[in-house]
Every structure is written in C-alpha cells, then in structure tokens.
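What follows is one structure encoded as structure tokens, with my remarks underneath.
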Amino acid sequence: MIPFDLSYHRPDSVEEAVATYRRLERDGRRPLYYGGGTEIITMARLGQVRTGAGVDLKGVPECGIVERRNGSLLLGAGLTLAEVCERGGWAPLADAAGRVADHTSRCKITLGGNLAGQIPYREAVLPLLLVDTVAVVAGEPGLRRERLADVFRATLRLPPGDFLAQLEVPLHEADGPHFAVKRTRLDWVDYPLMTVVGVRAGGRARIAFSGLCGYPFRDAAMERDLNAGRIQDAIGHIPGPVADDLHGSADYRRHVLAGVLQDALEVLRA
Amino acid sequence: MRRDELALDVNGEACRVLARGADTLLEVLRGQLGLTGAKPGCENGDCGACTVIVDGAPIKSCMMLAQEAAGRRVRTVEGLAGTAAQQAFVERFAFQCGYCTSGFLMVAQALCEAHPGADEARMLEWLRSNICRCTGYEEIRAAVRDAVARAKAPAVQGTEPVASASRQG
Ligand SMILES: Cc1cc2nc3c(=O)[nH]c(=O)nc-3n(C[C@H](O)[C@H](O)[C@H](O)COP(=O)(O)OP(=O)(O)OC[C@H]3O[C@@H](n4cnc5c(N)ncnc54)[C@H](O)[C@@H]3O)c2cc1C
Ligand code: FES
C-alpha cells in the first residue's frame, strides 16, 4: 500500500498538463508527471518516492502519436514500450525496448518514463542516442525542439515543470545493419549486465551502452577505437567506473563486453 | 485519508467503489470488490500473480492506480469462466499450488485474443512475464499452446472462438 495520499490528474492537452503541474506545484503538492506509473507506484510503496499528485500524460494526444514525416519517425513519449515495439517501426528501437522488463510490464512502462526514470538502465534511449534524435519538450510556452543529446546526459535533464512529449528520430541517418544485444546474469528477464546497441551510419559503427556504468552512454573515443578494430583500447576508454555489483563484477563485465563488441563489429562492419 | 467514489467496469459490470487516489487496482479489486483472483505476490511488477486484462492488454494490477482504470474495461480471472484457456489449464493440469495460476491465465487469455495462433516465440515472450514458484512451467506452456491453437481454429457450429467466448456482460 502506498502510505500517503496521492491525487491523480489526467489532462487532455499539453497546455492543461503544464498548467495542472504548475498549480499543484504552487499548492505544495510536489507533483510528478506520470507515464506508466510503474516506477512511481513501486517506489512510492517503498518510501523511495514521495509525491502528492500524479499528472498522467497518457491523455495528451501529442504523447500518443506514431507518425512518419519526411524520413523521420515521430513517437509520443506516452506510448508504452509494447506499442513502440509493435507500432514504432524502427528495428533498433524495437529490439532495445523489447528487452526492457517483461512483456506485461512493457504494456505499462512508457517510452518517456523509461528515459526519465530513476532506475539507471534506460535501455530504450540507446538507439535514440545513435542518431540525431530531437526531443520535443513541453513547457510553459508550449512545445519546443531540443537535441536529445543536449537534454539527455546520463539522465533526462529538463527544467522543473517541463515534460518530454515526443521524440523525432531521423531514420535516414542509420542506413545499414543494426545490432542489439542484452546480456543478463542468468534470467532472460532482468536488469542488464550490459546492453549494447549499434547502427551503421555513413559507413561507420555507432554504439551505445547500458549497464556498463551507472548510466547509459555513447562515447566518441570508444567509437573511434571500435571503428579502427581496437576493442581492448575501446574498453580502456569506458567513460566512467565500470559497474561492480550483484549482476557481475567489473572484470567480468569487461570480459563479456569484449565478446559482445567482437560480435557487434562483425555485424556493423560486414 | 480521503476516499473518492470511482466508477469502474469490471468483467462487464459497472461497479462503484470508494478509493484513495493512491490505491492500486489490485487493492481495490480485492478489498472493495471481493475479486480475490488477482493475487498480491511481489507488488513490485516482478511476479505477474496480480495480472488482469485492461482494454485487451495484460496489466500487472499492482502497478496501476485504481483511478487509472476508470473508463477502461477491466477483466479478472473471475471473468474467464468457460474459456478455452481455463479448459486447457484444467486438461493439462497446469497448476500446483495455484497461486500464480490466475496471472498465467490472464496472460494466456490476452494472448489468445490479441494473437490467435501466436507462434512459440511470442507465446514464450508473453509467458516470461509470470513466475511459478512451484516451477510447473512445462504444463503451463502446454496449456497455453493448446489455448492459442484453439483460439485460431475456426469456430465449429454451435461454439464460439476463445476471443468471443470470454466476452463479459
Ligand atoms: C518490473 C520492472 C522491470 C524493469 N526492468 C527494466 C529493464 O530491464 N530495463 C530498463 O531500462 N528499465 C527497467 N525498468 C525500469 C523502468 O523502465 C523505469 O522505472 C521507468 O521509469 C518506468 O516507466 P513508467 O512510464 O512506468 O514511468 P513512471 O513511473 O510514470 O515515471 C517514472 C519517472 O519518470 C518521470 N516521467 C515519466 N514520463 C515522463 C515524461 N514524458 N517526461 C518527463 N518525465 C517523465 C516521472 O515523473 C517519474 O519521475 C523496470 C521497471 C519495472 C517496474
Ligand atoms: S504482485 Fe504484481 S507483479 Fe507481483
């Protein structure tokens, strides 16, 4: 049972969502935007999140969109990961999102929630970091466009009161084969020991990682090494301390990574 | 603590409950409506014992606020009487202690309706959402395989396919 009161709001426009959030904020209710609510509910029950109000984004039409426009794919942040897999139409994203949690949970977890949540893996962001994805952000003046790379650095960084409404993916950038592998300690459904997603763009491999450090990332130095076939050098350039936890030691992760990168390069440079 | 009246559509019946904004659908189904088929297990999204069907999709009711379910069609295992999925579980003896059974049944039913004749890979992917602590997975898979195959088979005169046989109300 969630041990505190929480009011639930379901606005049906961007303007109403932002205004509702701001009103609740002014009233001292510490609101949270609410995607699938899976993280909010499970953490609230454990006392790890405290909020007086959830502003559900699933009634906002812009957040439920799936549309192709001039070679780009526009995806609403309120789509569930199951919808992204079934209707999204971009294989690298379907493969990465399709390994988050389990199928039933993916019927509830949203794309925006996966990127914005506290649980550090955020696996659905990996393919989005490989192309110049645009984040459509909702705030006081309405919708604005930002580079995802500018607003997502390890975690989604938006000013308080703003929310992620859509993601626009330039599909034409990734013009070759793709690679997506999730390794877990034991079970198929688990947090990742590591997830590695790659695409080929303009003849070069682009690769992003989750589970290796405490946040998902794509790193220029690693990519340079990998495109030169220097896997061990790339591993030496991992941009933060390698995770050393119940899922696997840091040494084990580096060992597994070498094999995964070998497989990735075979696919992406073929 | 404040409770508000909430209108829900459960197994085809219009219901009125009094719920806190923070009550999960699982808590309201069990505590207010006496529908104890959905089981609390981990209450953390991991075990699947609390699975119900909401607007055709399997949903872990421990991870949905009751308020979120307003205006949507909720189905629980109590609404699956007479379905091919239920029949297949009985024929295949697909339960041991039975605690996980309703969750597995709901996933099976949702799969039959969304993807009648689903292939083995899709079936396994959907079933990975649920845990059986007695490890009776072989029988459960056999039952779901049967149910999915029956869902695809054309209706014989005088019977209905699984999807419509389960329709409530
Ligand atoms: C059973 C289970 C297994 C999981 N396994 C994995 C896994 O394998 N890999 C993985 O990467 N993750 C995994 N997760 C983590 C999950 O992806 C995150 O917890 C995610 O936040 C849940 O999404 P949601 O839509 O339910 O988020 P919510 O609970 O709705 O929100 C989470 C946070 O994000 C914020 N938020 C939500 N939507 C937006 C938006 N559009 N704009 C701005 N902020 C927003 C909320 O305010 C809140 O702070 C798992 C979670 C569960 C419950
Ligand atoms: S009780 Fe809901 S998933 Fe375990």
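So that the names make sense, note that chain A is the first sequence line, chain B the second, and so on, each numbered from 1.
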Heavy-atom distance under 4.5 Å to chain A: side chain of [X], backbone, both or neither?
{"X": "B:Met106", "answer": "neither"}
{"X": "B:Glu125", "answer": "both"}
{"X": "B:Arg3", "answer": "neither"}

Least distance between heavy atoms, A:Ile207 atom then A:Ala264 atom: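 Scanning both residues, the minimum pair turns out to be CD1-CB, 4.3 Å.
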Pick from A:Leu46, A:Ile40, A:Val189, A:Thr42 with the largest number of heavy-atom pairs that fall under 4.5 Å of chain B: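 Ranked by contacts with chain B, first place is A:Thr42.
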Passing option when B:Thr76 is tested against B:Ile53, B:Leu33, B:Leu35, B:Thr51 for side-chain contact (heavy atoms from CB on, under 4.5 Å): B:Leu35
A:Tyr191 and A:Tyr121 aromatic ring geometry - parallel, tilted or perpendicular at 30°/60° bounds: parallel
Segment of [X] engaging chain B (4.5 angstrom heavy-atom cut-off):
{"X": "A:Glu83", "answer": "neither"}
{"X": "A:Ile41", "answer": "side chain"}
{"X": "A:Phe4", "answer": "backbone"}

Basic-acidic side-chain contact under 4.0 Å: A:Glu123, A:Arg106: no
Spacing of A:Asp56 atom CG and A:Thr20 atom OG1 [to the nearest 0.5 Å]: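 Rounded to the nearest 0.5 Å, the CG-OG1 separation comes out at 11.5 Å.
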Distance-only side-chain donor-acceptor flag, A:Asp187 / A:Thr184, under 3.5 Å: no
